[in-house]
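Working notes, beginning with the structure itself.
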Amino acid sequence: MDFQHLFTPLQVGPIKLRNRILFNSHATFLGEGWLPTEKVKNYHMERARGGAGLQSMGCTPIHPTGIR
């Protein structure tokens, strides 16, 4: 297989991704009460250091009013 574009930058609207690797959303069970915590932040920061150009956190409310 030829992955010649995998590690090249990609412009998505106003954002330039460093490569075309997507780290897709999945359950980490690191949040509390359906809200993200420092553990969630640290988890995703480590994934970013690992090289993914784009990460998806999935359905993660950022404020208590987002839980219904």
Side-chain angles (χ1 to χ4, degrees):
M1 290 188 132
D2 184 11
F3 298 107
Q4 64 184 9
H5 299 292
L6 185 60
F7 295 102
T8 61
L10 176 67
Q11 191 75 34
V12 180
I15 298 171
K16 185 175 184 178
L17 304 176
R18 62 181 169 174
N19 58 49
R20 297 160 190 236
I21 298 172
L22 167 64
F23 189 80
N24 209 0
S25 61
H26 59 279
T28 62
F29 302 104
L30 297 174
E32 292 178 13
W34 297 101
L35 293 172
T37 62
E38 282 294 309
K39 288 180 182 180
V40 174
K41 181 188 89 170
N42 293 338
Y43 176 83
H44 283 282
M45 288 183 70
E46 285 300 315
R47 304 296 77 74
R49 285 186 193 99
L54 178 66
Q55 293 186 62
S56 173
M57 291 182 65
C59 297
T60 304
I62 58 171
H63 190 271
T65 58
I67 303 168
R68 295 183 184 202

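Scope of the values below: all heavy atoms of this structure, side chains included, with no hydrogens, waters or symmetry mates.
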>> Please enumerate all residues that pass salt bridge (charged side-chain N to carboxylate O under 4.0 Å, His left out) together with Glu46, with sequence neighbours excluded.
In response: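 Glu46: salt bridge (charged side-chain N to carboxylate O under 4.0 Å, His left out) contacts with Arg49.
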>> Going by the rule salt bridge (charged side-chain N to carboxylate O under 4.0 Å, His left out), which residues pair with Lys41 if we only count those two or more places apart in sequence or in a different chain?
In response: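 Lys41 satisfies salt bridge (charged side-chain N to carboxylate O under 4.0 Å, His left out) with Glu38 only.
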What pairs with [X] under side-chain contact (heavy atoms from CB on, under 4.5 Å), at least two apart in sequence or on another chain?
X	result
Phe3	Met1, Leu6
Arg47	Phe23, Tyr43, Gln55
Gln11	Lys16

> Using links of under 4.5 Å between side-chain heavy atoms of ILVMFWY residues, direct or through other members, which residues join Leu17 in one cluster?
Replying inline: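 Members alongside Leu17: Leu10, Val12, Ile15, Leu22, Leu54.
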> Which distance, rounded to the nearest 0.5 Å, do you find between the NE2 of His44 and the OG1 of Thr28?
Replying inline: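 Rounded to the nearest 0.5 Å, the NE2-OG1 separation comes to 6.0 Å.
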>> Applying side chain to side chain donor-acceptor pair (under 3.5 Å), can you list everything that pairs with Arg20, at least two apart in sequence or on another chain?
In response: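 By the side chain to side chain donor-acceptor pair (under 3.5 Å) rule, Arg20 matches Thr8.
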